[in-house]
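First comes the structure, then the notes that go with it.
Throughout, a chain's letter reflects where its sequence line sits, starting with A, and its residues are numbered from 1.
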Amino acid sequence: MQLKKTFFTALLLFIAGIVSWEYYCLEQGYIAALNDDLAIWAVQRSKLENMSQQDVVILGSSRAHFDIQLDQWEAKTGIRPVMLACDGSTPTPIFQDIVNNTDFNGTIVIGVTPGLFFSAPVEQVPMWKRPKIRVDHYYERTWAQRINHLISVPLENTFAFLNSSEEEWADDIDLKSMIKRMYNDDRLNESMPPFYNFSYIDIDRNTTMLDKTVNDTAFAATIQKVWMYFGKNAPPPVKEPIINIYKDMLAKYNSRGGNVIFLRLPSSGGFRQGENMGLPRDQFWEQLLAETNTPGYHFEDYKVLNQYDPPEWSHLATPDAKIFTTDLVSILLNDKAIPNLQ
Amino acid sequence: MLFNSLSFIVFLVIVLGLYYSKIFNWTSKKTMLLLSSYVFYALWNPPLILLLWVSTLVDWKAGNALYKLTDQRKRKLWLLLSMVVNLGFLAFFKYGGFLLENFTIMMNLAGFNYHPAIPDIILPMGISFYTFQTMSYTIDMYYKRTPPAKSFLDFALFVTFFPQLVAGPIVRSSELIPQFYEPKKATTRKFLWGTFLLTLGLFEKVVMADVVLSSTSDAVFGSEKVLNIIDAWSGTLAFSGQIFFDFAGYSTCAIGIALMLGIKLPDNFRYPYAAIGFTDLWKRWHISLSAWLRDYLYIPLGGNRRGITRTYISLMLTMLLGGLWHGAAWTFVFWGMLHGLYLIVERYLRSHIKIKINAWNGFLLALLTYTFVNISWVFFRAGDFQSAINILSSMFFINPEGEKILSSLDIIKVLIVIGSLFLTHWFMRNTSVKCVARKIPWWLFSIFWAIMLILLVIAQGSSEQFIYFQF
């Protein structure tokens, strides 16, 4: 056995293989970007432990994640919010965690995507399970996991092929996802259309929508199909129990000087139609604000916020999101609803 | 810390750098290895390192006393102290919740309305492995089978040596401690072979267990539905592959890493799915545990020296406790009982029917053994008896209208991988990776090695924990 020769040849082949794979991925349009995983969320969550009443936290689902741009918020107020919004989920378990397990008493902006926000408060429901897993991970993460994350950040920022995601996008290029796509059949009669990744994040979890979502209408249409699928298969909304949870939590949070603002972010097309039919504004949004006695900002009430057409009906294109955030913050500052250090 | 994580790669590079630097003498290198092993463990949960320290101190003191003392009563007391501390840790941390749960059931059955608070006890990683390893030391001292370690450093390193600390192989003091007496340095060949074994182990764990098989097995065993026969078999077969690749992968990594340091660890797996019968299986699967159970439980219980009935009782007790060692649940005990039963039936059949094993009937008997192993895996993997019974019912045609939850790809994938695994075990049953590596051309070996490395990187594993860490 000529082990030295074997090893160095294997090493050369390995390097050649990985370089070729990286080149192929770049050619296919993949970019080097961070994964929006448990670890990066936990790092943001840990910031709450040392934050003051001047600070701002963003909760919500992907709309809050896409539509609120941290640089623009910081430019207007001098405060960089902490982004804890989780895609495809309700903000409630995270809000409960902040209220019950921290001393934070700053401003919490809660994005309300009605279909997700008014979902059954049961851990098995995916929109509750996702944020709960993140909260649990924050408390249970080991030092080894923290170090893994630290090492993975520069690697993910360097190599396009490192793009596996907890979302399990239909175009992920980790080995498991590629094997999954090798053969499709109708044994299970699965009808969910393929769901492709359409964004990336930075180290603060600030989201940028991929250009192809804006420029390629066929690509945007694939995402619209997914929203339609989710809409058709959505469970019935749960209103009173959710509002009651917020009543209790808000009483507790406000009593220690905390400030909460609800935010209804833009949607359009089939998504908006579905929301208007299934979760009408007066019966859900208005009732939430009234019963919790909490300020809320609905995009329909402000001309500057109601001028956008999200490319895939649910999230603003990043250039629009930047203007939207600037306008939104101006409105909030004008109402003295959020702190301003400038 | 997990072998299949980025932090471990950095950790290993630093340890190897320090180990092979010229700034340390041998004692300093051993101290560095010991401290590194504590860091390796503490990066998971720092406070639980105290248990390791207590176990190390108690067994060091007890071992020395047992070897030196002649007063039999005092010697028994020292042995008892070691057993109480080690088994006490196991009883509290691993079996505390299970014992309380069963006690509660019994109290309620007896008519008492007893509902205690459920304790939230963390299971220290690898506790079953290191307690068994230290216990073997004190028991060996009691029987004066081996001399005590020459220094506390050597003993502490034996208990804590990071490659095998959390999931074995469970090493005997006579196998490891003498290796610490003289300076150890891997030759280039040994170092590279260790690197290959580390690659192979990681490939087994990350690619085969986590990427290829885990989702199928998780889907089937996580389903609350009554399943179709094909789905039930696919999930069970997938688990049989997953647990083999996961655990053998860990052992291969451990052996490889130790070899990179110039330390030799014993084999823990020898192509177990090619076993012909269950006696053969337990000489091939988790060898270090089965040897431990044989030497410290089965033989002291009487082994096969006290008649056939006593042999069967010893076998059954050993396997029941072996099952319980794996986890605090009755399903694990039942898994152990099944294996006890398999061993008893096999022993009975062997004494009454003589078969000359050749390649053909050997293959069929191996397949039969593997089928029975799969039946036992259902109890090992299922969360409770009802789930296990549901899956077994589906496997044996009792639920003809069961639901389909796996795609055709899942099923084809499992058939190809498990078929290949079984055949590989069969053809490798009397040889080793090293022998095969010697026979094939070097360039083919290079390609094989490079493919494993590339797939490991493309897999982008999310550092899934090894299954055996929970035991």
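- Looking at B:T195, the atoms closer than 4.5 Å to chain A (heavy atoms on both sides) all sit in the side chain, from C-beta outward.
- Atom CZ of residue A:F14 and atom CG of residue B:L453 lie 5.5 Å apart, to the nearest 0.5 angstrom.
- Looking at B:W443, neither its backbone nor its side chain comes within 4.5 Å of chain A, counting heavy atoms on both sides.
- Heavy atoms from other residues, nucleotides or ligands lying under 6.0 Å from NZ of A:K225 number 12 at most.
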What's the verdict on side chain to side chain contact (heavy atoms under 4.5 Å, CB included) for A:W21 and B:V457, showing C-alpha distance, side-chain angles and the deciding distance? CA-CA 11 Å; A:W21 181 241; B:V457 173; over 6 Å; no

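- Not a single donor-acceptor pair under 3.5 Å links the side chain of B:Q460 to the backbone N or O of A:L175.
- Residues of residues 220-230 of chain B that come within less than 4.5 angstrom of chain A, heavy atom to heavy atom, are B:N228, B:I230 in numerical order.
- Ranked by heavy-atom pairs shorter than 4.5 Å toward chain B, the options A:R187, A:K4, A:M182, A:K176 are led by A:R187.
- Contact record, B:S446 with A:A10: O-CB, 3.5 Å, taken as the closest heavy-atom pair.
- Heavy atoms of B:I405 lying under 4.5 Å from chain A belong exclusively to its backbone.
- A 6.0 Å sphere centred on CD of A:E168 holds no more than 12 heavy atoms belonging to other residues, nucleotides or ligands.
- At a 4.5 Å heavy-atom cutoff, the contact between B:P46 and chain A is made by side-chain atoms alone.
- Both the backbone and the side chain of B:S407 come within less than 4.5 Å of a heavy atom of chain A.
- Shown here is A:E49, whose CD atom has more than 12 heavy atoms of other residues, nucleotides or ligands within 6.0 Å.
- Using a 4.5 Å cut-off on side-chain heavy atoms (C-beta onward), B:W442 and A:T9 make contact.
- Side-chain atoms of A:N148 do not come within 3.5 Å of backbone N or O of B:S5 as any donor-acceptor pair.
- A:D211 CG: 12 or fewer foreign heavy atoms inside a 6.0 Å radius.
- Atom OH of A:Y229 has more than 12 heavy atoms from other residues, nucleotides or ligands within 6.0 Å.
- Within 6.0 Å of OH on A:Y200 lie no more than 12 heavy atoms contributed by other residues, nucleotides or ligands.
- Among the candidates B:D231, B:I412, B:N45, B:V212, the residue making the largest number of heavy-atom pairs closer than 4.5 Å to chain A is B:D231.
- Summarising the geometry, atom CZ belonging to A:F7 is positioned 8.0 Å from atom CZ belonging to B:F191; distances are rounded to the nearest 0.5 Å.
- Put simply, CG on A:L3 and CH2 on B:W449 are 6.0 Å apart, with the number rounded to the nearest 0.5 Å.
- Residue B:K413 touches chain A through its side chain alone, counting heavy-atom pairs closer than 4.5 Å.
- The 12-atom threshold is exceeded at CZ of A:F219, counting heavy atoms of other residues, nucleotides or ligands nearer than 6.0 Å.
- Counting all heavy atoms, side chain and backbone alike, B:I454 lies closest to A:L13 at CD1-O, 4.0 Å.
- Atoms CZ and CD, from B:R438 and A:Q2 in turn, are 13.5 Å apart once rounded to the nearest 0.5 Å.
- Neither the backbone nor the side chain of B:L444 comes within less than 4.5 Å of any heavy atom in chain A.
- Salt bridge annotation for B:D410-A:K180: absent, with no cationic side-chain nitrogen under 4.0 angstrom from a carboxylate oxygen.
- Side-chain contact between B:L6 and A:L155: present, with at least one pair of heavy atoms (C-beta onward) separated by less than 4.5 Å.
- The heavy-atom pair separating A:T142 from B:W44 by the smallest distance is CG2-O, 3.3 Å.
- Heavy-atom contacts from other residues, nucleotides or ligands closer than 6.0 Å to CG of A:N100 number more than 12.
- Counting all heavy atoms, side chain and backbone alike, B:L409 lies closest to A:I179 at CD2-O, 3.0 Å.
- In this structure, chain B has no heavy atom under 4.5 Å from any part of A:I15.
- The minimum heavy-atom distance linking B:A459 with A:D174 is given by the pair O-CB, 3.8 Å.
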